[in-house]
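The analysis underlying the following values was restricted to heavy atoms, covering all of them including side chains, and did not include hydrogens, waters or symmetry mates. For the single chain, residues carry numbers from 1 onward in sequence order. In this text, all values refer to a predicted model and were calculated from it rather than measured experimentally.
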Amino acid sequence: MDNFLIIYKILYELERNMGNEKFNIQSIYNKKLGISPEKWEQLLVLMQDEGYIRGLEVSDLPEDILRYLTDTSCAGITIKGMEYLAENNIMAKAKEIFKYSAINHVDV
């Protein structure tokens with residue numbers, strides 16, 4: 001599965017569950033997304049590094065080659081993450097319009 005699609009799905013679930021104290025990011029764990037646990041973890045670390053999500057505790061030991069999640073219980077989406085969802089939703093809709101217009105030879 002495309003990494004950007006996985007990121008979109010994670011952000012979508014975080015936005016959908018904003019304010020839900022019972023939500024646990026583990027509910028969108030790797031098995032549900034069809035990826036390895038290691039990839040899931042590294043994508044979350046990258047998403048937090050880029051400011052799309054917040055609230056993860058990540059190891060920062062100098063001897064670690066990769067950074068690992070130590071706590072995910074307070075994960076949440078940021079404004080930047082919501083902007084990512086909005087922009088990509090608009091792009092997906094535009095892509096469908098152009099695909100439809102190309103198939104049906106409609107001028108846009």
Q. Is it true that the side chains of N3 and K39 contain a donor and an acceptor less than 3.5 Å apart?
A. yes

Q: Answer with yes or no whether the hydrophobic clustering places M18 together with M47; edges join I, L, V, M, F, W, Y residues whose side-chain heavy atoms lie under 4.5 Å apart.
A: yes

(Q) So, taking the atom named CD in Q48 and the one named CZ in R54, what distance separates them when rounded to the nearest 0.5 Å? (A) 9.5 Å

Q: Could you tell me the separation between the CD atom of E15 and the CG atom of N17, rounded to the nearest 0.5 Å?
A: 10.5 Å

Q. CE of M82 to OH of Y52: how many Å apart, nearest 0.5 Å?
A. 13.5 Å

**Q.** Donor-acceptor contact below 3.5 Å, side chain E57 vs main chain T72
**A.** no

Q: To the nearest 0.5 angstrom, please state how far the CD1 atom of I53 sits from the CD1 atom of I25.
A: 5.0 Å

Q: Report the residues that fulfil salt bridge (Lys or Arg N to Asp or Glu O under 4.0 Å) with E13, sequence neighbours left out, ordered by chain and then residue number.
A: R16

Q.
Minimum heavy-atom separation for E50 and K80, please, with both atom names.
A. O-NZ, 2.7 Å

Q: For the pair W40 (side chain) and I28 (backbone), establish whether a donor and an acceptor sit closer than 3.5 Å, ignoring hydrogens and angles.
A: yes

Q) Can you name the nearest heavy-atom pair linking I77 to L11, along with the distance? A) CD1-O, 3.6 Å

Q | Pairwise distance OG(S27) to NZ(K32) - rounded to 0.5 angstrom | A | 6.0 Å

**Q.** Intermediate values then yes/no, side-chain contact (heavy atoms from CB on, under 4.5 Å), Y12 and L85
**A.** CA-CA 7 Å; Y12 175 82; L85 284 176; 4.3 Å; yes

Q.
Restricting to non-hydrogen atoms, name the atom on I6 and the atom on L43 that form the minimum distance, rounded to 0.1 Å.
A. CG2-CD1, 3.7 Å

Q: For the pair Q42 (side chain) and R67 (backbone), establish whether a donor and an acceptor sit closer than 3.5 Å, ignoring hydrogens and angles.
A: yes

Q: For the pair V45 and Y68, evaluate side-chain contact (heavy atoms from CB on, under 4.5 Å) and give the outcome as yes or no after the intermediate values.
A: CA-CA 8 Å; V45 170; Y68 298 98; over 6 Å; no

Q) Around E21, counting heavy atoms of other residues, nucleotides and ligands shown, do more than 12 lie under 6.0 Å from its CD? A) no

(Q) With side-chain contact (heavy atoms from CB on, under 4.5 Å) as the criterion, how do L14 and F23 come out once you've worked through the C-alpha distance, each side chain's angles and the decisive distance to 0.1 Å? (A) CA-CA 9 Å; L14 287 171; F23 175 74; 3.5 Å; yes

Q) Do L46 and F4 share a hydrophobic cluster, counting only Ile, Leu, Val, Met, Phe, Trp and Tyr and linking them when any side-chain heavy atoms are less than 4.5 Å apart? A) no

Q) When hydrophobic residues are tied together by side-chain contacts of less than 4.5 Å, even through go-betweens, does L44 share a cluster with Y29? A) yes

Q.
Would you say that more than 12 heavy atoms from the other residues, nucleotides or ligands in this model lie under 6.0 Å from the CG of L66, or not?
A. yes

Q. Distance from I7 atom CD1 to D2 atom CG, nearest 0.5 Å?
A. 8.5 Å

Q | Minimal non-hydrogen separation, S59 against T70, with atom names | A | N-CG2, 4.0 Å

